[in-house]
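Data block below; observations after.
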Number of protein chains: 2
Amino acid sequence: MEYDGTRYHGSQYQTNAPTVQGEVECSLLKLTGEAHRVSMASRTDAGVHARGQVASFRTNKTLPLKAWVSALNHHLPKDISSTAAYEVEMGFDVRRHAVRREYRYCIMNRPAPPALCRGFCDFVRWPLDVDAMNEACQVLVGRHDFAPFASVADGRSTHRRVFEAGVSGRGDLVVFDMAADSFLPHQVRNTVGGLVKVGLGKTKCDDFRSMAASGKPGVVGPTAPARGLCLMSVKYRDFPPSQTETEE
Amino acid sequence: MEYDGTRYHGSQYQTNAPTVQGEVECSLLKLTGEAHRVSMASRTDAGVHARGQVASFRTNKTLPLKAWVSALNHHLPKDISSTAAYEVEMGFDVRRHAVRREYRYCIMNRPAPPALCRGFCDFVRWPLDVDAMNEACQVLVGRHDFAPFASVADGRSTHRRVFEAGVSGRGDLVVFDMAADSFLPHQVRNTVGGLVKVGLGKTKCDDFRSMAASGKPGVVGPTAPARGLCLMSVKYRDFPPSQTETEE
């Protein structure tokens, strides 16, 4: 699924606020006449976008996979789009079986605020040192305790494996990409907040590394705005295996 | 200037509807206390975006060029942004002195409608033959009578010089770029409408060429939706010459 998260209070269902899960469940109800409970592969916060979210549900309705996609899009609001459908084994867990999640964060880096696509990037007026940011974020790669990047300490493990992290400049845009087995709440946005300080010269590369390795909860930040963040993809081992993929 | 044209009734001032010119003049009034008449380099229709529009005005107010940009952005709505300011000679005509205008049209070409950036591209569900579209549009390059691409016949010359035209695929996006000395009303959108028919196999490449060369007013179309179109840049001979540019 792809969605523009601007008007949603995140991916996860809430009783009194519009959420992505709520919209998908409502559309499925219209489509099948059944109440479905939908699970999401990666939880996204209020205002965060997705290009490659994955959602799963159990249904008694039989439809060709192509028809699921087009019928769902018929009922979904314009800011949510189903891009593909797969049939999976009964034991499939869309969240626990995911082995890799990729997030991207975009920053418009120039003196003038962005008018185009302003809902999909943060804005930093002063020049960012992209090389310094890219160097600093290499410390993230590998299996580490990411407690310093977590906004919430709930007693669960804060160890994660980061496969890749990188910052690159594309014209006026500074793009941060990060792939990991899974992420702590606010981890990407806190990482970006910390890296922007490096890019502005407010934090030295070595100090960022020290904070990252300190094990102290929540020392890296501030939390960058939600609108710059996008869940790019979720990957599964051997997926889609025997299942038939469709693009509609 | 850059703007998201979604909520504007075009670039040119209208009494009873929000326009880009109206917003800029209003912001200048707040900034200087003077009523200004603003001229735009290229007229854009309702819903059309710009990344590189140029606007000029005469003022008695003296401010550093950087301050013009930041002060104007302070007053402008978030969907309009001033990106640079220049001081020019008194005789400068922002519209008549422009020698090259570049437009881009984006089409999301896949079965699922776009949820992200849906305000900045058209959507074509069926696969487009990008090579055929690119081949067809080469007939546009050069100095020709573009009456077949004009929506309005007002008796003025319909001859224009197209410097470049091209269609390329970038993932799910099909991008059409066109540069000319100037454009007729709806010319780019009618061109895109005609090229989409070529891409879908509804019009043969040779038939597109025949229509393009026919001289018959308004035979190429339909007019593609405004939201896919963006004015990318306007170029001047020797500009900025002695003028000092600033990015803020």
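Fair warning: this is a prediction, and the values are worked out from it, not measured in the lab. Labels below follow one simple rule: chain letters A, B, ... track the order of the sequence lines, proteins then strands, and each chain is numbered from 1.
Under 4.0 Å is where a charged nitrogen must lie from a carboxylate oxygen, and between A:Glu2 and B:Arg110 at least one such pair does.
Across all non-hydrogen atoms, the minimal contact from A:Asn73 to B:Ala112 is ND2-CB, 3.9 Å. Listed here is the closest heavy atom pair of B:Ala115 and A:Asp4: O-CB, 3.6 Å. Contact detail for A:Leu116 and B:Tyr3: the closest heavy-atom pair is CD2-O, 3.4 Å. The minimum heavy-atom distance linking A:Pro113 with B:Ser81 is given by the pair O-OG, 2.5 Å.
Heavy atoms of B:Pro77 lying under 4.5 Å from chain A are absent altogether. B:Ile80 touches chain A through its backbone: at least one of N, CA, C or O sits under 4.5 Å from a heavy atom, while the side chain does not.
Contacts from residues 21-52 of chain A to chain B, taken as heavy-atom pairs separated by less than 4.5 Å, involve A:His49, A:Ala50, A:Arg51 in sequence order.
Crowding of B:Arg7 atom CZ: a count of heavy atoms from other residues, nucleotides or ligands under 6.0 Å exceeding 12.
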